[in-house]
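Taking it in order: structure first as structure tokens, then the write-up.
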Amino acid sequence: MEIVESHSSYGGRQEVWKHYSETLKCEMRFGIYLPEYALRGQRRPVLYWLSGLTCTEQNFITKAGAQKFAAQHQLIVVSLDTSPRGNAVPDDDIYYLGQGASFYINSTTSPWAENFQMQDYVSMELPALIESYFPASGRRSIFGHSMGGHGALVTALRNPGKYRSVSAFSPIVAPTQVPWGKKAFFAYLGMDCESWKVWDAVELVGKAKEKLPILIDQGGADEFLVEQLRPELLTAACNAADFPIELRIQPGYDHSYYFIASFIGEHFLHHSIALSK
């Protein structure tokens with residue numbers, strides 16, 4: 001563990017750390033906001049953020065305006081990088097595959113399987129590291145954007161009992177049915193389309209052992225809404241499974257961090273309520 005950045009913010013500290021990941025077999029970075037109570041040594045709940053395609057931990061900590069709300073609710077907030085990285089890590093020229101585009105799954109095919117075990121990193125290795133190194137309690141929640149919204153939903157659905165709440169901005173809800181997901185899953189998981197379903201939120205809600213209420217904000221003017229995101233598929237699956245979901249279409253908003261920053265305070269409230277119970 002080595003600290004890379006540290007900045008005072010709203011009475012707390014926004015930090016960036018790097019460490020070697022045994023799961024991903026490369027060096028990884030993450031951002032962590034430590035509110036005032038955590039700096040005093042009080043163990044606080046942790047809210048994990050998963051970013052979208054091409055992002056690093058920097059996009060969220062510099063554009064989302066999250067520190068204000070993390071301080072207000074006294075939550076530790078961890079923002080991940082979106083994939084393993086480095087010269088020894090496989091990559092691809094297209095932006096929705098390879099470095100910056102893990103889809104937060106565990107790959108099973110060559111050359112990706114050696115490094116692209118992001119679900120294990122997100123749900124096991126990193127939380128264990130955070131809870132051992134920082135004043136973090138065992139209470140966790142998770143949210144994300146776009147590919148990271150997919151990652152947050154799938155992580156919560158696949159790991160009952162590990163998270164108190166889940167939410168997403170503009171998530172890819174059905175990767176097995178849209179171009180981004182199909183191309184990535186073919187590369188990472190191979191030709192057996194049935195094996196893809198365990199990484200698809202629409203497929204998972206009907207089999208979920210735990211029904212955490214899902215909050216989704218989606219921009220009505222999002223250029224990816226119709227072809228890549230398709231939130232109506234998740235709403236239909238949740239309604240069929242009697243799974244609680246609130247989908248809010250926000251007119252005029254796009255896919256950017258301007259959209260995220262406009263509503264992130266409400267997502268913090270959603271998670272803070274669940275984490276305080």
Side-chain angles (χ1 to χ4, degrees), residues 5-16 29-36 38 44-82 95 100-101 104 122 140-153 155-156 163-173 213-225 228-229 231 234 245-275:
E5 296 180 34
S6 181
H7 312 281
S8 294
S9 181
Y10 292 97
R13 300 287 291 177
Q14 176 64 61
E15 300 178 345
V16 176
R29 294 191 179 206
F30 63 86
I32 183 167
Y33 180 78
L34 299 166
E36 180 183 358
R44 300 303 302 162
V46 183
L47 180 54
Y48 289 87
W49 171 266
L50 307 185
S51 290
L53 289 167
T54 75
C55 292
T56 70
E57 81 289 340
Q58 291 293 323
N59 297 73
F60 180 75
I61 66 177
T62 59
K63 296 180 180 180
Q67 292 84 358
K68 175 182 177 180
F69 299 104
Q72 178 182 332
H73 297 287
Q74 290 297 303
L75 297 177
I76 295 173
V77 181
V78 175
S79 53
L80 286 64
D81 199 348
T82 49
Y95 70 93
Y104 301 101
V122 169
R140 310 171 189 165
S141 289
I142 191 165
F143 65 156
H145 171 232
S146 193
M147 178 188 72
H150 145 75
L153 293 170
T155 301
Y163 301 91
R164 300 290 183 94
S165 53
V166 60
S167 73
F169 292 88
S170 312
I172 304 169
V173 302
I214 296 172
L215 171 63
I216 291 178
D217 272 309
Q218 171 63 61
D222 191 322
E223 63 182 302
F224 305 114
L225 175 58
Q228 304 286 6
L229 306 179
L234 183 60
I245 185 170
E246 181 181 6
L247 170 63
R248 310 190 305 187
I249 304 295
Q250 305 292 359
Y253 285 89
D254 58 19
H255 199 71
S256 71
Y257 268 85
Y258 296 108
F259 165 54
I260 294 169
S262 298
F263 298 99
I264 197 166
E266 296 170 47
H267 284 247
F268 266 92
L269 179 60
H270 169 77
H271 293 296
S272 180
I273 292 171
L275 287 165

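Residue numbers count from 1 along this sequence. None of the values given here were measured: they were computed from a predicted structure.
Partners of R44 under the salt bridge (charged side-chain N to carboxylate O under 4.0 Å, His left out) rule, at least two apart in sequence or in another chain, do not exist in this structure. Qualifying ring-ring contact (aromatic ring centres under 6.0 Å, His included) partners for Y163, counting only residues two or more places apart in sequence or in other chains: none. Partners of F268 by ring-ring contact (aromatic ring centres under 6.0 Å, His included), not counting sequence neighbours, listed by chain and number: F143. Residues passing the ring-ring contact (aromatic ring centres under 6.0 Å, His included) test with H270, sequence neighbours excluded: none.
Identified under the side chain to side chain donor-acceptor pair (under 3.5 Å) test for residues 259-269, with sequence neighbours left out: S167-H267, D217-H267, R248-E266.
Counting heavy atoms from C-beta on, the side chains of Y33 and S9 come closer than 4.5 Å. A 4.5 Å side-chain heavy-atom check between L80 and V122 finds at least one atom pair inside the cut-off.
Taking the six-membered ring for Trp and the full ring otherwise, the centers of H255 and H145 sit less than 6.0 Å from each other. Aromatic rings from F263 and F169 are positioned such that their centres are separated by 6.0 Å or more.
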Donor-acceptor pairs are to be reported for all side-chain atoms of residues 49-56 against protein atoms at under 3.5 Å, with residues two or more places apart or in another chain.
residue : atom : partner : partner atom : Å
W49     : NE1  : S51     : OG           : 2.9
T56     : OG1  : Q58     : N            : 3.1

Check step by step if side-chain contact (heavy atoms from CB on, under 4.5 Å) holds for Q218 and L247. CA-CA 7 Å; Q218 171 63 61; L247 170 63; 4.2 Å; yes
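Here the CG-CD distance, from D222 to Q228, works out to 10.0 Å after rounding to the nearest 0.5 Å. Interatomic distance, CD of Q14 versus CD of Q67, reported as 4.5 Å (0.5 Å rounding).
A donor-acceptor contact closer than 3.5 angstrom links the side chains of R13 and S6.
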